[in-house]
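Report on one structure; see the data block that follows.
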Amino acid sequence: MNLEYTRILPKLIVFDLDYTLWPLWVDTHVKLPIKKTKDGTVVDTFGYEINLISILKWLERKDVKLAVASRTTEPAVAYELIKIFEIEDFFHYKEIYPGCKVKHFKKFAESSNIPFKEMLFFDDEERNIWDINQLGVTCLHVPDGISMASFQDGLEIYSDKFDNK
């Protein structure tokens, strides 16, 4: 990923998992076991291909902490996908369990000592965006999942909050 970005970066970027980092719901679309084929494709028991759009390698080189927040009723499947995609080491914080994401974010703030105003959140569900925005977190609704364009939009929206003061 070749991204040049010189504006203010958030201290913590949080990604939803289902339909944000990957194009499915782990509690309804995936059947264990999950495996990686010889060509690197990730498939479930039925051969359903699971793609992952990732900007994580770029963020790894920045001084930005990363987290995932998921309300899934199948946390074990979500953790298995994170493991098989070999992305577990990218995330400093993981809150993956059913319930309102406000609880997830309160735990992020507590464990990271990063205030809500220094966080950026991407999610495909508007209700999560609404809830987390109320905390003062910069949020971006990504109904089609995270892409390079939506990621850059999120960074711009976050930076604009500080530039306009």
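In this text the structure is predicted, and so the values were computed from the model without any measurement.
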### Query
Taking C-beta and beyond as the side chain, do Thr72 and Ile96 meet within less than 4.5 Å on heavy atoms?
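SC-SC contact between Thr72 and Ile96 confirmed.
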
### Query
Should Asp131 and Cys100 count as side-chain neighbours, where that means a heavy-atom distance under 4.5 Å?
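Answer yes - side chains close enough.
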
### Message
Using the rule given for side-chain contact (heavy atoms from CB on, under 4.5 Å), can you reason through Phe122 versus Ile13, listing the C-alpha separation, both sets of side-chain angles and the distance that settles it, and then say yes or no?
### Response
CA-CA 8 Å; Phe122 296 91; Ile13 297 178; 3.8 Å; yes

Can you name the closest pair of heavy atoms from [X] and [Y] and give their distance?
| X | Y | answer |
| --- | --- | --- |
| Asn128 | Phe121 | O-CE2, 4.0 Å |
| Ser150 | Gly145 | OG-O, 3.8 Å |
| Thr138 | Lys161 | OG1-NZ, 2.7 Å |
| Asn133 | Cys139 | N-SG, 3.6 Å |
| Tyr158 | Leu9 | CE2-C, 3.6 Å |

Rounded to the nearest 0.5 Å, what separation is found between the [atom1] atom of [X] and the [atom2] atom of [Y]?
| X | Y | atom1 | atom2 | value |
| --- | --- | --- | --- | --- |
| His92 | Leu66 | NE2 | CG | 6.5 Å |
| Leu12 | Ser111 | CG | OG | 8.5 Å |
| Phe116 | Ile114 | CZ | CD1 | 11.5 Å |
| Leu17 | Phe85 | CG | CZ | 10.5 Å |
| Glu74 | Asp18 | CD | CG | 10.5 Å |
| Ser70 | Tyr79 | OG | OH | 9.0 Å |

### Of Ile129, Val137, Asp123, the residue whose pairing with Lys101 passes side-chain contact (heavy atoms from CB on, under 4.5 Å)
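Single pass found, and it is Asp123.
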
### Query
With Leu120, which of Val14, Val64, Leu155 fulfils side-chain contact (heavy atoms from CB on, under 4.5 Å)?
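Going through Val14, Val64, Leu155 one by one, the side-chain contact (heavy atoms from CB on, under 4.5 Å) with Leu120 is satisfied by Leu155 alone.
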
### Query
Are Val68 and Tyr93 co-members of a hydrophobic cluster defined by side-chain heavy atoms under 4.5 Å apart?
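Not linked; separate clusters.
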
### Query
Does Phe15 share a hydrophobic cluster with Ile157, counting links as ILVMFWY side-chain heavy atoms below 4.5 Å and allowing steps through other members?
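They do share one cluster, since a chain of ILVMFWY contacts under 4.5 Å joins Phe15 to Ile157.
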
### Message
For Phe151 and Leu59: C-alpha separation, side-chain torsions, deciding distance, then whether side-chain contact (heavy atoms from CB on, under 4.5 Å) applies.
### Response
CA-CA 11 Å; Phe151 176 67; Leu59 287 167; 3.7 Å; yes

### Query
Do other residues, nucleotides or ligands put more than 12 heavy atoms under 6.0 Å from the CD atom of Gln134?
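More than 12 within 6.0 Å, yes.
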
### Task
Evaluate whether atom NZ of Lys94 has more than 12 neighbouring non-hydrogen atoms of other residues, nucleotides or ligands under 6.0 angstrom away.
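Result for NZ/Lys94: enclosed.
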
### Verdict with supporting geometry, Lys65 and Ser112, side chain to side chain donor-acceptor pair (under 3.5 Å)
CA-CA 9 Å; Lys65 301 287 185 208; Ser112 70; over 6 Å; no

### Task
Apply the test side-chain contact (heavy atoms from CB on, under 4.5 Å) to residues Met119 and Lys11: give CA-CA distance (whole Å), side-chain angles for both, the deciding distance (0.1 Å), then the verdict.
CA-CA 6 Å; Met119 296 180 187; Lys11 291 196 174 153; over 6 Å; no

### Task
Give a yes or no on whether the backbone of Ile8 and the side-chain of Ser159 come within a donor-acceptor separation of less than 3.5 Å.
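Answer holds: yes.
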
### Task
Anything under 30° is parallel, anything over 60° is perpendicular, the rest tilted; go ahead and classify Phe105 against Phe108.
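If you compare the ring of Phe105 with that of Phe108, the planes turn out perpendicular.
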
### Query
Is the Tyr97 ring parallel, tilted or perpendicular to the His104 ring (thresholds 30°, 60°)?
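Tilted, since the angle between the ring planes falls between 30° and 60°.
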
